[in-house]
Amino acid sequence: GRMEQPPSIWLAGEDEGRGMLGIFNWADGLASIRLDHEALRKLPAPFRDAWTGRSAFKSGLPGSIRLPGRSSRLLTYGV
């Protein structure tokens, strides 16, 4: 059967207000993941895709991201 599991968030910060945010969709299907936790709202913008450098969440969080099944996205923040 289809695997339905809640998404996971991984956060690694640095002293200078920079860091990385990983978002994981463990489910088999497409998921819209809301990034609205208090700790995430405090992270400094801008957010960028760690691999492509493309802008994401220019104004900061909260926000939502859509991920295909069994996929992840790695963002940098504060740079």
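When reading the values below, keep in mind they use all heavy atoms of this one structure, side chains included, and skip hydrogens, waters and symmetry mates. Because the structure is a prediction, the values reported are computed rather than measured.
Here the straight-line distance linking atom OG of Ser64 with atom CG of Leu35 works out to 6.5 Å at 0.5 Å rounding. Taking CD1 of Ile65 as the start and CZ of Arg34 as the end, the distance is 12.5 Å to the nearest 0.5 Å. Here the OG-CD1 distance, from Ser8 to Ile23, works out to 11.0 Å after rounding to the nearest 0.5 Å. Of the inter-residue distances, the one linking Met20 atom CE with Leu43 atom CG reads 13.5 Å to the nearest 0.5 angstrom.
Cluster membership for Leu11 and Trp51, using ILVMFWY side-chain heavy atoms within less than 4.5 angstrom, is not shared. When hydrophobic clusters are built by joining Ile, Leu, Val, Met, Phe, Trp and Tyr residues whose side-chain heavy atoms come closer than 4.5 Å, directly or via intermediates, Leu67 is not grouped with Trp26.
Using a 4.5 Å heavy-atom threshold, the side chains of Trp10 and Leu74 count as touching. Here the side chains of Leu75 and Phe57 are in contact, with some heavy-atom distance below 4.5 Å. The shortest side-chain heavy-atom distance between Ser32 and Arg66 falls under the 4.5 Å cut-off. In this structure, Tyr77 and Pro44 have side chains that are in contact, with non-hydrogen atoms separated by less than 4.5 Å.
Annotation: Glu16, atom CD; neighbour count of heavy atoms from other residues, nucleotides and ligands within 6.0 Å is above 12.
When every heavy atom of Val79 is checked against every heavy atom of Pro46, the shortest pair comes out as O-CG, 3.1 Å. When all heavy atoms of Arg73 and Ala56 are compared, the pair lying nearest together is NH2-CB, 4.0 Å. Shortest non-hydrogen contact noted between Asn25 and Pro68 is ND2-O, 3.0 Å.
The backbone N or O of Gly53 lies less than 3.5 Å from a partner atom in the side chain of Arg48, making a donor-acceptor pair. Side-chain atoms of Asp36 do not come within 3.5 Å of backbone N or O of Leu40 as any donor-acceptor pair.
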